[in-house]
Each structure stands twice: as C-alpha cells, then as structure tokens.
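In what follows, every chain begins at residue 1, and chains take the letters A, B, ... in the order their sequences are listed.
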There are 2 protein chains.
Amino acid sequence: MADQHELRDKGLRLTPQRELVLAAVRALEHATPEEVAERVKSTHPGINLSTVYRNLETLENVGLVQHSHLGHGGVRYHASTEEIHAHLNCESCGTIIEVPIDATASFTQSLLDGYGFHTDLAHLAIAGRCESCFNKP
Amino acid sequence: MADQHELRDKGLRLTPQRELVLAAVRALEHATPEEVAERVKSTHPGINLSTVYRNLETLENVGLVQHSHLGHGGVRYHASTEEIHAHLNCESCGTIIEVPIDATASFTQSLLDGYGFHTDLAHLAIAGRCESCFNKP
DNA sequence: AAGTAAGTGCAAATCTTTCGCAATTAGTGT
DNA sequence: ACACTAATTGCGAAAGATTTGCACTTACTT
Ligand SMILES: [Mn+2]
Ligand SMILES: [Mn+2]
Ligand SMILES: [Zn+2]
Ligand SMILES: [Zn+2]
C-alpha cells in the first residue's frame, strides 16, 4: 500500500501535469487557478487551463491542497501542509495578513459554545481595513 | 432637502424598477441578484437582469443595501436596516446562522490590538459545520 | 508488450457580471 | 399641461471564470 510517491499513495496517477500543478500550488501560496497555470507553463508550456482546474479539484479531493476565498470571492489554492491560518483581507489595498489559528481559538470556541458551530476560519477571508488604509480619507 | 421618499432623499430617481429591487432585497434577506430579479418579475415581469445589477450597485452606493459573500463566494444583498450581523455558513447543509456583532466584539478587538486590523465581519461569511452536520459521517 | 481506464488537450458550452447604445422616462422648469 | 434634459432602462453583445463532451494519449496493470 505505502507506495513511493505521495500522489500514488493517494491513488492518483502520476502525470507530469499533476506533479507540476501540485508543485506550483506549494510554491505560490494563495494562488488562483490562472496563476497556477501560468507557473506550470514555464516548465510545461503545453498544459491546458482545464487540466489545471481538473487537477486542482482532484488534489483537493485527496486532501493535498485546499481552496479559500480571499477578496470578493475569487478562489485561491494553497497546500495542505501549510500551517493553518486565517486571512485578514484589506478591502482598500488588498493586503492579506495571515493570522495563526491559535490567535483565533477563543473566538472559535465561543462560536462552538454559543451556537454549536465548528468554525473553519481558513476557508473564507475576514474583511476589513488594514491600519494604514484605515488612517486615510 | 428632506424629500418625501427614501430614494429621492438619497438623490436617486424614483423608478418602479428601483423601488421593486429595494423591496425585494428587504423581503428576501441574503438574496442573490438572480433571486432579486426573480422576485421583482412577479410584479414587473419585464425587468431586465442588468437593471437589477445596476440598481443593486446604486442602492449600495447610497447605503440602502449591502452585499456579503456566503457559501463559496457568491454575492448576496441585504438591507442596511437589518441589524449588523456576522454569518456562520455550514459547508455541509448550507444553513446560515446569524451572530449579533456584539458576540464578536472581543475577537475583532484582538485583531485590532494584534494586527491593527479593523474588521468588518459582515462582509464575508465564516465557514464551518453546524452542530448536526458535525455529528454525522 | 498489450489492454484498459485515467488523464489530457481542445473547442464549445455555461454561468455570472458588465458594457455600449438607442429608446424611454422621471424630474425640472415653463 | 408641455417641453427639456439627464438619468434610467431594455436589449444584445462582450467579458471573465469555470465546466463539459469527446477523441486522443498515456500511466499503470497483467
Ligand atoms: Mn465583496
Ligand atoms: Mn469555497
Ligand atoms: Zn489596506
Ligand atoms: Zn449543517
């Protein structure tokens, strides 16, 4: 069972496209499918955008990558190996601040206590204003 | 200055379409543009979807409605008169739990203290699992 | 080495939101 | 009541993002 490659271990075929998509997600952090495709093309120019989409979905199904929504809804992918973190997204300048999940623990605990809700703060960003944007017109 | 109608008070022309869009947002709560259009059509079948989009934007510009992102990023509109609240969105069953903003105050304060970030919890939903979905396969 | 199902490329289809433009209409002033 | 002007609307087309059908290719199995 324990194969020799992480993709095969998950029951997936090992294709150059798939490996490159996974590598790109890992290298880029918070990348859109478009950005992943762009990156893969530097090594494998022929890759098709739909292949990127399909592989992102496949990799997410086996738990190697995850998506989240920053800004106003666009999808972005990151590797599952990254530390879990929440995203603070400034609505003025677009800056993303990463917040370790520990810093959110008491909040998520209060949602559990108050509403029985098991929070996944990684999936959607938290909107607002960064310090410098807040101190402007 | 103080006109006789809330739309005119905001400097907007009073059209049947605009009134109906505002009424639909108020009636529906968390409605997509598509759902707003659907509702308006029951009274005003001829309304065009682009008119709905344009009016939602206009109404948002003058502060009568606001949008937020529930689920996986889709836009939804609600009336500004509703109490400000955060949304907990169950990723399994789609349920939306509304949380009064007071219940989130200590969390947003901690983001301000720790990151200088002025949080707007109403804009994006918080993802997770509701109690009953959590207690399932 | 051959067979099979998974994966890929390509083009077309969807879906959602935006845009240009000519026709209509609300608000203003006679 | 009538005319004027700019805002608003309807419509069709465009744009951007993601999905799909299908024939061809390729990774893995035997
Ligand atoms: Mn938004
Ligand atoms: Mn999502
Ligand atoms: Zn900012
Ligand atoms: Zn649920």
Between His123(A) and His72(B), does a ring pair (Phe, Tyr, Trp, His ring centres under 6.0 Å) hold up when you go through it step by step?
CA-CA 9 Å; His123(A) 187 198; His72(B) 291 243; 4.8 Å; yes
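- In this structure, the CD atom of Glu34(A) is 16 Å from the P atom of dA15(D), given to the nearest Å.
- In this structure, the nucleotide among dT8(C), dT9(D), dA27(D) sitting nearest to the side chain of Arg18(B) is dT9(D).
- Spacing between atom CZ of Arg13(A) and atom C1' of dA5(C) amounts to 5 Å, rounded to whole angstrom units.
- Taking only side-chain atoms of Leu12(B), from C-beta outward, the nucleotide of dT17(C), dT18(D), dT8(D) with the closest atom is dT8(D).
- Atom OH of Tyr53(A) is separated from atom P of dA13(C) by 19 Å (rounded to the nearest Å).
- Between Glu35(B) atom CD and dT17(C) atom P the separation is 11 Å, expressed in whole Å.
- If you measure from atom CG of Asn55(A) to atom P of dA6(C), you get 15 Å, rounded to the nearest angstrom.
- Using a 4.0 Å heavy-atom distance criterion, Gly74(B) is classed as making no nucleic acid contact.
- Note that the OG1 atom of Thr104(A) and the CG atom of Asp102(A) stand 7.5 Å from one another [nearest 0.5 Å].
- Within the 4.0 Å cut-off from OP1 or OP2 of dT8(D), not a single side-chain nitrogen or oxygen of Asn48(B) is found.
- In this structure, the NE2 atom of His72(A) is 16 Å from the C1' atom of dT16(C), given to the nearest Å.
- Listed candidates were dT9(D), dT17(C), dG9(C). Nearest to the side chain of Thr51(B) is dT9(D).
- For His67(A) and dA17(D), the NE2 to P distance is 17 Å, given to the nearest whole Å.
- Checking dA26(C), dG9(C), dA5(C) against every side-chain atom of His44(A), the shortest atom distance belongs to dG9(C).
- Comparing Arg54(B) and Thr15(B) by the nucleotide of DNA chain C whose heavy atom lies nearest to each, the residue mapping closer to the 5' end is Arg54(B).
- The side chain of Arg8(B) contributes an N or O atom lying less than 4.0 Å from OP1 or OP2 of dT28(C).
- Contact check, Gln17(B) against dT25(C): no side-chain N or O comes under 4.0 Å of OP1 or OP2.
- Using a 4.0 Å heavy-atom criterion, one finds that Ser50(A) contacts the bases of the nucleic acid, with or without backbone contacts as well.
- Nearer to the 5' terminus of DNA chain C, by closest-nucleotide assignment, is the contact made by Val75(B) (compared with the other of Leu14(B) and Val75(B)).
- Side-chain atoms of Arg18(B) come within 3.5 Å of backbone N or O of Arg13(B) as a donor-acceptor pair.
- We find that NZ of Lys10(A) is positioned 22 Å from P of dA27(D), with the value rounded to whole Å.
- Closest to the side chain of Pro16(A), from the set dC11(D), dA17(D), dA27(D), is dA27(D).
- The closest side-chain donor-acceptor pair between His78(B) and His67(B), if any, does not fall under 3.5 angstrom.
- A donor-acceptor contact closer than 3.5 angstrom is absent between the side chains of Asn135(B) and Glu131(B).
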